[in-house]
Amino acid sequence: MSTTESAESAKPSKLPPFDPADPIGIDDLLGPEDLAIRSTVRAWATDRVMPHIAEWYENGELPGIRELARELGSIGALGMSLQGYGCAGATAVQYGLACLELEAADSGIRSLVSVQGSLAMYAIHRFGSEEQKERWLPGMAAGEIIGCFGLTEPDHGSDPAGMRTYAKREPGGTSRSGEAENGGDWVLSGRKMWITNGSVAGVAVVWAQTDEGIRGFVVPTDTPGFSAPEIKHKWSLRASVTSELVLDEVRLPADAVLPGVTGLRGPLSCLGHARYGIVWGAMGAARASFEAAVDYAKTREQFGRPIGGFQLTQAKLADMAVELHKGILLAHHLGRRMDAGRLRPEQVSFGKLNNVREAIEICRTSRTILGANGISLEYPVMRHATNLESVLTYEGTVEMHQLVLGKALTGLDAFR
């Protein structure tokens, strides 16, 4: 048999049809459970978010956030990849698929889930005491308790080591059980800024300077001295609760501190988990904008035929499809590495840097296809584009991720 004949006989008898929604066959990487989780989250977002999101965005509000949180808890989307304590114990890939579907609805909804699960719950799950885990995580997984994560300050964003929030010990304190504590109470003072979920949270994980180094504290939001005024007049993430945290001599028992970590390693590891979700989520916003552009191009007529039949429009659609599905494939690859325990922080930076930048460009190009209609809330494109301006900055700016990769590539530290 010739080489040519051998190659011909190895070919499949019939290729599957080309799928415009999955042009490079990424769904072949997914199992039945992965697909079921994706379908569940997509159906929830389609039913509960999509009919209302334009109005919420226009009004700058997220009404019924507590009910939405309980519904998200009921489908296992909160603390999704954590084990035990009422959490779903899903894989990293499954969590990523959920993030993509949620952000295809709106970045604000995905942010609600990311902050709850990847920041507040993750911090307690990884660094908390058993008592802290049992007290908070089941209610948070069910959406009965909303959490927030206080790291960023008015004057310290990309440089959290410079935070001014401070916790000092005072002798003679008691634990939550009422037993005497040798260490004494903690008294927490400072301010945090741009905190998702802050005004509706029942618990806040707050990071502060101490004489021992940076420590994390689990702060019930009904503690005297704690307040969380909501930040208004935003032009991005409008369908999201964003707040300032004010800590005015907040007295906490000795066992409020997270015992499992001291130093920046604690909050930075939480941020890494949240950034991973963004790698997926950004592609959801991009997908929604791309699909809107494709649908529009097939029906909008100019010069006697649909604009999707013109070469320049097809070139835009082709380029967007390439970047969209490359980004999804990158997210899958990083998810597999996370599930294998092999995902490095530099690789998460790689994913966030690429996928958010490409998602914004896809939204902007989609807007050009929609023309003037692209700025209307009748379509999702401009809403996603403005939301992604925030996603580009939070959990590490473009510049910070560039420097993370630059250091990894050269071995030279350009941060300072």
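The chain is numbered in sequence order, starting from 1.
- Side-chain atoms of P306 and K298, non-hydrogen and from C-beta on, never get closer than 4.5 Å to each other.
- Side-chain atoms of Q116 come within 3.5 Å of backbone atoms of M140 as a donor-acceptor pair (strictly under, hydrogens ignored).
- In terms of modelled atom types and a separation under 3.5 Å, the side chain of D19 and the main chain of A21 share a donor-acceptor contact.
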request  = In sequence, state the C-alpha distance, the side-chain angles, and the governing distance for S81 and Q94, and then conclude on side chain to side chain donor-acceptor pair (under 3.5 Å).
outcome  = CA-CA 8 Å; S81 60; Q94 290 165 353; over 6 Å; no
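- Remark: the backbone N or O of G371 is paired with a side-chain donor or acceptor of R367 at under 3.5 angstrom.
- R48 contributes no side-chain N or O that, together with a main-chain N or O of A43, makes up a donor-acceptor pair within less than 3.5 Å.
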task = Check the pair T40 / W44 against side-chain contact (heavy atoms from CB on, under 4.5 Å), numbers first and verdict last.
result = CA-CA 6 Å; T40 296; W44 179 86; 5.7 Å; no
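- With D339 contributing its side chain and T91 its backbone, the two residues share no donor-acceptor pair below 3.5 Å.
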task = Starting from the C-alpha separation in whole Å, work towards a yes-or-no answer on side-chain contact (heavy atoms from CB on, under 4.5 Å) for E144 and R66.
result = CA-CA 8 Å; E144 296 295 336; R66 298 183 191 282; over 6 Å; no
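- Counting non-hydrogen atoms of other residues, nucleotides and ligands closer than 6.0 Å to CG of L312 gives a total of 12 or fewer.
- We find the CG-CZ distance between D47 and R42 to be 14.5 Å, quoted to the nearest 0.5 Å.
- R251 places none of its side-chain heavy atoms less than 4.5 Å from the side chain of P224.
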request  = I would like to know whether S243 and V241 meet side-chain contact (heavy atoms from CB on, under 4.5 Å); could you show each step before the answer?
outcome  = CA-CA 7 Å; S243 311; V241 175; 3.9 Å; yes
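- Taking the six-membered ring wherever Trp is involved, the centroid distance between the rings of W194 and Y394 does not fall below 6.0 Å.
- Minimum interatomic distance between R275 and V348 (heavy atoms only, all atoms of both residues): CB-CG1, 3.4 Å.
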query = Taking it one step at a time, do Y379 and S289 satisfy side chain to side chain donor-acceptor pair (under 3.5 Å)?
reply = CA-CA 8 Å; Y379 300 92; S289 298; over 6 Å; no
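- Applying the salt bridge (charged side-chain N to carboxylate O under 4.0 Å, His left out) definition to pairs two or more places apart or across chains, those involving residues 310-328 are E323-K326.
- Shown here for A120 and C148, the closest heavy-atom pair between the two residues is CB-O, 3.7 Å.
- For the pair T152 (side chain) and M193 (backbone), a donor-acceptor distance under 3.5 Å is absent.
- Applying the side chain to side chain contact (heavy atoms under 4.5 Å, CB included) rule to E389 yields the partners I360, R364, L392; only residues at least two apart in sequence or on another chain are considered.
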message = Evaluate V391 against I278 for side-chain contact (heavy atoms from CB on, under 4.5 Å), listing each step before the verdict.
response = CA-CA 8 Å; V391 180; I278 290 171; 3.5 Å; yes
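- Counting heavy atoms from C-beta outward, L237 and T196 have side chains that stay 4.5 Å or more apart.
- The residues R135 and D255 are annotated as not salt-bridged, no charged nitrogen and carboxylate oxygen being separated by less than 4.0 angstrom.
- Other residues, nucleotides and ligands contribute over 12 non-hydrogen atoms within 6.0 Å of the CD atom of E130.
- In this structure the side chain of H125 reaches within 4.5 angstrom of the side chain of Y85, judged on heavy atoms.
- Residues T165 and E153 have side chains that bring a donor and an acceptor to within less than 3.5 angstrom of each other.
- No donor-acceptor pair closer than 3.5 Å links the side chain of E346 to the backbone N or O of V404.
- Considering only heavy atoms from C-beta on, L30 comes within 4.5 Å of R38 through its side chain.
- No donor-acceptor distance shorter than 3.5 angstrom exists from the side chain of T313 to the backbone of G308, with no hydrogens or angles considered.
- With a 6.0 Å radius and a threshold of 12 heavy atoms from other residues, nucleotides or ligands, K407 has its NZ atom at or below the threshold.
- In summary, E395 and K352 do not engage in a salt bridge, as defined by a charged side-chain N under 4.0 Å from a carboxylate O.
- Here the CG atom belonging to L247 is positioned 5.0 Å from the CG atom belonging to L188, to the nearest 0.5 angstrom.
- Other residues, nucleotides and ligands contribute over 12 non-hydrogen atoms within 6.0 Å of the CD atom of E134.
- Nearest approach of D185 to P253, heavy atoms of both residues: OD1-CA, 3.8 Å.
- Expressed to the nearest 0.5 Å, how far CG of L97 lies from OG of S39 amounts to 11.5 Å.
- In summary, E230 and K232 engage in a salt bridge, as defined by a charged side-chain N under 4.0 Å from a carboxylate O.
- Across every non-hydrogen atom of M320 and S366, the tightest pair is SD-OG, 3.4 Å.
- Under the 30°/60° scheme for interplanar angles, the aromatic rings of H273 and Y276 are found to be tilted.
- Of the charged side-chain nitrogens involved, at least one lies within less than 4.0 Å of a carboxylate oxygen, so that R191 and E244 count as a salt-bridged pair.
- Atom CZ of residue F217 and atom CH2 of residue W207 lie 9.5 Å apart, to the nearest 0.5 angstrom.
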task = Kindly determine whether Q209 and R164 satisfy side chain to side chain donor-acceptor pair (under 3.5 Å), including the steps that lead there.
result = CA-CA 7 Å; Q209 299 278 10; R164 296 175 182 171; over 6 Å; no
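- Using modelled atom types, one side-chain atom of T221 and one backbone atom of A201 make a donor-acceptor pair closer than 3.5 Å.
- Separation of atoms CG (L324) and CD (E291) is listed at 8.0 Å; rounding is to 0.5 Å.
- Going from atom CG of L403 over to atom CG of L353 covers 10.5 Å, rounded to the nearest 0.5 Å.
- Within the 4.5 Å cutoff, no side-chain heavy atoms of W186 are placed close to those of V250.
- A side-chain donor-acceptor contact under 3.5 Å links N355 to the backbone of G327.
- Using a 4.5 Å cut-off on side-chain heavy atoms (C-beta onward), F18 and P20 make contact.
- The minimum heavy-atom distance between A104 and R287, with the atom names listed, is CB-NH2, 3.5 Å.
- Environment of CD1 in I375: sparse, with no more than 12 heavy atoms of neighbouring residues, nucleotides or ligands closer than 6.0 Å.
- Between D295 and R300, the closest side-chain pair of non-hydrogen atoms is not below 4.5 Å.
- Nearest heavy-atom pair across A77 and V113 is O-CG1, 3.3 Å.
- Counting only N and O atoms by type, the side chains of Y296 and N373 include a donor and acceptor under 3.5 Å apart.
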